Amino acid sequence: MDAYGEHERARRMPEPAKRAQPPRAPERSAFERDRARVLHSQALRRLAATTQVVAAGEQDFPRTRLTHSLEVAQIGREIGAALGCDPDVVDAAGLAHDTGHPPFGHNGETALDLVAQPCGGFEGNAQTLRTLTRLEAKIADAGLNLTRAVLDATAKYPWERRPGTRKFGVYADDRAVFDWVRAGAPEHRRCLEAQVMDWADDVAYSVHDVEDGVHTGHVRFAAFLDPDERAAVCQVAASLYSAEPAGELAIVLDELLALPTLRDLVGYDGTRPAQAALKRATSELTGRFSGAAVAATRSVAGDGPLARYAADLVVPRRVAAECALLKAVAARYVMARRDVAALQTRQRELLTELAGLLADRAPAALDPALRPDWLAAPDDAARLRVVVDQVAGLTDLSAPVRHAALMTG
């Protein structure tokens, strides 16, 4: 039985035939069309100027959130294909998964969550659903009008905000479309494609952020010869990224650092041979993490094609710990640098001030596409949500420009 039937290929809104379609246009699947829609969207393009870890535009080598999304899509596509998922579903979800992230990465998320408390808070994944189904203009009142399967594959956190849960995937205002996406799905359970995309995100995030950190000089593997530095990384991993105790992580870290591919990075100097060693490490770690998840899932679920709710992705405990440790390396040496703290404070202040300025001068200060939403909003909370949509749709570069214009205008 096909895992992707009419229910999975359904779109919320009917679409007219293309008027400029050539007479012998190649036939594309619904999911190939979805992937193309996301790839050509404004929401994806804006991620070129949005922070991944190193600030966008600061240097040429490090990833932006756009290049990160492209890499998540590629890693997820290969894992999904190996398991039997439709590769275009996973690919489209990987491309789309960060389209709701605001300027300044997770730091911007923190600022907007405080601003948006009167209307239910802010979360990048919930904003992604809103962007794909409402804000990105493709089909009136339906956003990109993606298929149910692709929208479900972007749902990393398929629930509303609830006590004790920092992450969530839908605002109360978007509950109707969320219920349409999740029709027939087990409550709070992610489909296999979403799990694959999420693991691809973790793999890309952990491996590539360390690669960027090594290239920019923030991460030096020679530092891990110091037992105090290794212990500090394990503490960060245990507190932020892993349920394993720091003592257990210390054993994993020692064995991870002993891998030849990471030993080769000690003394990295930016020369071509060093860059080749760094790229080899990135490739080998990505393959290590991806392949381990495929093998572990197959060992539990068997050799047949797996998709939708037929199985759950299995990530070996050891591999999850290795991934968490690499995240901790990036967190300690890149994101927690002393020179970054003051900048992040100013970024949060700027977004908070910008939201206030836009709220005071709305609807005229809003983009034309958002003014009707503000005028139709039934109360102050709904109007604030539109203001937050405006700020979230800016970039690291355009947000300061918009702020300066409003301050002086």
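Here, residue 1 is the first one in the sequence, and each next residue gets the next number. Computed from a prediction, not measured in an experiment: that's the story for all the values here.
With respect to E15 and R33, a salt bridge is recorded, a charged nitrogen being found less than 4.0 Å from a carboxylate O. Salt-bridge annotation for E8 and R308: present, with a side-chain N of the basic residue lying under 4.0 Å from a carboxylate O of the acidic one. No salt bridge links D373 with R385; every basic N to acidic carboxylate O contact stays at or beyond 4.0 Å. Here E322 pairs with R318 in a salt bridge; the nearest charged N to carboxylate O distance falls below 4.0 Å. By the 4.0 Å N-to-carboxylate-O rule, R402 lies close enough to D367 to be salt-bridged with it. With respect to R346 and E349, a salt bridge is recorded, a charged nitrogen being found less than 4.0 Å from a carboxylate O. Between R11 and D34, at least one side-chain N (NZ, or NE/NH1/NH2) sits under 4.0 Å from a carboxylate O, which counts as a salt bridge. Between R182 and D152 there is a salt bridge, with a side-chain nitrogen of the basic residue lying less than 4.0 Å from a carboxylate oxygen of the acidic one.
Looking at heavy atoms from C-beta onward, T352 lies out of side-chain contact with L114 at the 4.5 angstrom threshold. Put simply, the side chain of L70 reaches to within 4.5 Å of the side chain of L95, judged on heavy atoms. Side-chain contact check for E109 versus F122: some heavy-atom pair is nearer than 4.5 Å. Here the side chains of E136 and V38 are not in contact, with every heavy-atom distance at 4.5 Å or above. The shortest distance between side-chain heavy atoms of E187 and W159 does not fall below 4.5 Å. Looking at heavy atoms from C-beta onward, T128 lies out of side-chain contact with K156 at the 4.5 angstrom threshold. Taking the side chain as every heavy atom from C-beta outward, F289 and L326 approach each other to under 4.5 Å. For the pair D212 and V334, the minimum side-chain heavy-atom distance is 4.5 Å or more.
Between F224 and Y333, a ring centre-to-centre spacing shorter than 6.0 Å is recorded.
Using a distance-only test at 3.5 Å, with no hydrogens or angles considered, no donor-acceptor pair links the side chain of T147 to the main chain of R9. In terms of modelled atom types and a separation under 3.5 Å, the side chain of D91 and the main chain of R77 share no donor-acceptor contact. A distance-only check finds no donor-acceptor pair linking the side chain of R230 to the backbone of A250 [under 3.5 Å].
Within a 6.0 Å radius of CG in D360, more than 12 heavy atoms belonging to other residues, nucleotides or ligands are found. Around the CZ atom of R317, the shell of radius 6.0 Å holds no more than 12 heavy atoms that belong to other residues, nucleotides or ligands. A 6.0 Å sphere centred on CZ of R162 holds more than 12 heavy atoms belonging to other residues, nucleotides or ligands.
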Exercise. Evaluate the salt bridge (charged side-chain N to carboxylate O under 4.0 Å, His left out) criterion for residues R28 and D88: first the C-alpha distance (whole Å), next the side-chain angles of each, then the deciding distance (0.1 Å), finally the verdict.
Key: CA-CA 11 Å; R28 293 185 298 165; D88 288 306; over 6 Å; no
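Among all heavy-atom pairs drawn from S69 and H97, the shortest one is OG-CE1, 3.9 Å.
A cation-pi arrangement is absent between R189 and Y309 under the rule of less than 6.0 angstrom and at most 45 degrees off the ring axis.
Contacts of T133 classified as side-chain contact (heavy atoms from CB on, under 4.5 Å), with partners at least two apart in sequence or in another chain: R12, L129, L151, V177.
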